[in-house]
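Counting starts at 1 for both ligands and their atoms, following the listed order.
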Amino acid sequence: MSLHEHPITVVAGGAGFIGAHLCRKLLDRGAHVLCIDNFDTGREVNIADLRPDGRFSVLARDISELAELPGRIVRIFNLASPASPPHYQRDPVRTLMTNVLGTGNLLALARAHGARYVQASTSEVYGDPDRHPQSEDYLGRVNCTGPRACYDEGKRAAEALCFDHVRVAGIDVRVARIFNTYGPGMRADDGRIVTTFLVQALRGEPITVFGSGEQTRSFCYVDDLVEGLVRLMEVDTAPEGPVNLGNSDERSVRELAECVIALTGSKSRLAFRPLPEDDPRCRCPDISRARTHLGWRPVVPLDDGLLRTARWLARELGAAPAARRP
Ligand code: NAD
């Protein structure tokens with residue numbers, strides 16, 4: 001029986017870090033999954049184990065150029081966008097267009113098929129926040145002309161498109177504002193803080209801390225995040241407005257660096273560097289809405305998640321395995 005005779009779940013960006021975990025989870029739940037990806041930051045190795053599954057197929061396509069698709073599409077997750085600063089700043093115009101044109105195309109697809117739609121938005125829509133922790137009704141403090149704007153404003157425009165489609169076309173759209181997520185499958189070179197620190201620690205190199213390291217972040221393990229995305233898609237009634245998905249266990253950057261050193265048994269020292277432009281001073285989600293509407297909260301503690309990620313990265317790099325259990 002061909003894939004197109006079954007109800008299909010589309011995962012745009014399915015060859016990326018979070019997308020591949022999501023595809024795997026959906027297949028485990030019995031879905032037929034169509035991964036759409038242009039392999040900009042996504043990698044074949046992320047989905048190689050899914051390829052033999054007859055319920056999994058891949059369309060190598062840019063969502064900015066996506067038109068109609070055949071088959072019975074019932075669910076669409078849109079995760080297609082570069083997500084780390086070095087990747088989204090490499091071609092900022094393309095990043096913005098992916099988020100605007102690509103999201104518009106996928107929403108049109110949802111409309112044509114009567115499919116339910118989940119948009120992967122980001123905590124970056126809050127910019128450098130002057131409210132803490134950030135709840136969904138906080139409107140943010142984003143610089144629309146800075147080097148991060150292609151991503152932050154692209155994601156804000158994508159959210160606007162989503163809610164316009166709810167108002168104008170009555171599409172069942174749900175928006176997840178994802179906070180910093182980490183886990184096995186991230187690219188070692190993605191420039192995000194968890195991978196950067198782990199790679200430096202595993203190689204025994206200095207760990208580069210920007211600013212004083214007192215700025216805070218919250219880190220969500222990928223399995224928790226993916227569970228939240230699936231719950232958001234499957235909950236009967238769409239929550240009104242976006243939903244924060246992240247871990248509210250707030251840590252300073254310095255604390256993260258020290259935790260990584262301890263977990264890996266590394267001899268690395270901290271090296272302090274000037275803070276990049278527009279770097280947020282704090283980030284911590286208020287996840288009350290996700291708790292109430294989805295019954296969701298993260299369950300993987302930071303030490304556990306970091307250790308799993310360190311072991312995976314050590315294998316990737318051919319480095320010595322993470323030395324110690326917390
Ligand atoms: P990622 O870069 O690993 O994955 C993104 C995927 O989208 C890649 O496979 C890439 O090839 C694909 N893609 C990019 N542009 C595309 C296009 N024009 N057409 C088709 N495919 C395209 O990033 P990730 O960490 O897995 O992030 C997934 C989503 O979650 C992104 O939308 C990101 O903005 C969002 N998000 C992630 C985090 C995080 O901490 N990882 C935080 C907030 C939001």
J.: Should T122 be counted as touching ligand 1, given the test is an N or O pair under 3.5 Å?
T.: no

J.: When you look for heavy atoms under 4.0 Å from ligand 1, do you find them on the side chain of K155, its backbone, both, or neither?
T.: side chain

J.: Taking only heavy atoms of D40, which atoms of ligand 1 are found under 4.0 Å from at least one of them?
T.: 11 (O)

J.: Consider only side-chain N and O atoms of E136 and Y138, and report whether a donor and an acceptor are under 3.5 Å apart.
T.: no

J.: Near F39, which atoms of ligand 1 are under 4.0 Å from a heavy atom of that residue?
T.: 11 (O)

J.: What orientation do Y221 and Y182 show, parallel under 30°, tilted 30 to 60°, or perpendicular over 60°?
T.: perpendicular

J.: Is E159 salt-bridged to K155, cutoff N-O under 4.0 Å?
T.: no

J.: Does ligand 1 have an atom under 4.0 Å from some heavy atom of M186?
T.: no

J.: Would you call Y182 a ligand 1 contact, heavy-atom distance under 4.0 Å?
T.: no

J.: Quick check against the 3.5 Å criterion: does S81 have a side-chain atom that pairs as donor or acceptor with the backbone of A83?
T.: no

J.: For atom 26 (O) of ligand 1, what is the nearest protein heavy atom, given as residue, atom name and distance?
T.: I18 N, 2.8 Å

J.: Salt bridge or not for D137 and R131, using N-O below 4.0 Å?
T.: yes

J.: By number and element, which atoms of ligand 1 are closer than 4.0 Å to a non-hydrogen atom of I178?
T.: 30 (O), 38 (C), 42 (C), 43 (C), 44 (C)

J.: Measure from atom 8 (C) of ligand 1 to every heavy atom in L101, L245, N105, T41 and give the option owning the shortest one.
T.: T41

J.: I'd like to know whether ligand 1 has A15 as a neighbour, heavy-atom separation below 4.0 Å.
T.: yes

J.: Provide the number and element of each atom of ligand 1 under 4.0 Å from a heavy atom of N180.
T.: 40 (O)

J.: Is a side-chain donor-acceptor pair under 3.5 Å present for H132 with Q134?
T.: yes

J.: Do any nitrogen or oxygen atoms of S123 lie less than 3.5 angstrom from nitrogen or oxygen atoms of ligand 1?
T.: no

J.: Identify the closest protein heavy atom to atom 4 (O) of ligand 1: which residue and atom is it, and at what distance?
T.: G16 CA, 3.4 Å

J.: Give me the residue, atom name and distance of the protein heavy atom closest to atom 11 (O) of ligand 1.
T.: D37 OD1, 2.6 Å

J.: Can you find a side-chain donor-acceptor pair between T103 and N105 that sits under 3.5 Å?
T.: no

J.: Within a distance under 4.0 Å of any heavy atom of Y151, pick out the atoms of ligand 1 and give their elements.
T.: 33 (C), 34 (O), 36 (N), 44 (C)

J.: Does T98 reach ligand 1 with a nitrogen or oxygen that is under 3.5 Å from one of the ligand's nitrogen or oxygen atoms?
T.: yes

J.: What protein heavy atom is closest to atom 18 (N) of ligand 1, reported as residue, atom name and distance in Å?
T.: D62 OD1, 2.9 Å

J.: Does the N or O separation between S121 and ligand 1 drop below 3.5 Å for any pair?
T.: no

J.: Which residue owns the protein heavy atom closest to atom 17 (C) of ligand 1, what's the atom, and how far is it?
T.: N38 ND2, 3.2 Å

J.: How far is atom 23 (O) of ligand 1 from the closest protein heavy atom, and which atom is that?
T.: A83 CB, 3.5 Å

J.: Give me the one residue out of L109, D172, N78 that meets side-chain contact (heavy atoms from CB on, under 4.5 Å) with Y117.
T.: N78

J.: Relative to each other, are the rings of F179 and Y126 parallel, tilted or perpendicular (30° and 60° limits)?
T.: tilted

J.: Short N/O distance, under 3.5 Å, between N78 and ligand 1?
T.: no

J.: About how many Å separate OG1 of T181 and CG of L245, when rounded to the nearest 0.5 Å?
T.: 8.5 Å

J.: Looking only at distance, does A80 have an N or O less than 3.5 Å from an N or O of ligand 1?
T.: no

J.: Is it the case that ligand 1 has an N or O less than 3.5 angstrom from some N or O of G42?
T.: yes

J.: Is it the case that ligand 1 has an N or O less than 3.5 angstrom from some N or O of F17?
T.: yes

J.: With a 4.0 Å cut-off, would you call E250 and R283 a salt bridge?
T.: no

J.: Short list, please: which atoms of ligand 1 are under 4.0 Å from a heavy atom of R61?
T.: 19 (N), 20 (C)

J.: Salt bridge check: are R51 and D49 linked by an N-O gap of less than 4.0 Å?
T.: no

J.: Just need the protein heavy atom nearest to atom 19 (N) of ligand 1, so name the residue and atom and give the distance.
T.: I63 N, 2.9 Å

J.: Please check: side-chain N/O of T95 versus main-chain N/O of Y151, any donor-acceptor pairing under 3.5 Å?
T.: no

J.: Are the side chains of C284 and S248 in touch, meaning some heavy atoms are under 4.5 Å apart?
T.: yes

J.: Nearest protein heavy-atom contact for atom 28 (C) of ligand 1: which residue, which atom, what distance?
T.: L79 O, 3.5 Å

J.: Regarding N247 and S218, do their side chains bring together a donor and an acceptor under 3.5 Å, going by distance alone?
T.: no

J.: Please determine whether a side-chain nitrogen of the Lys or Arg among K25 and D28 lies less than 4.0 Å from a carboxylate oxygen of the Asp or Glu.
T.: no

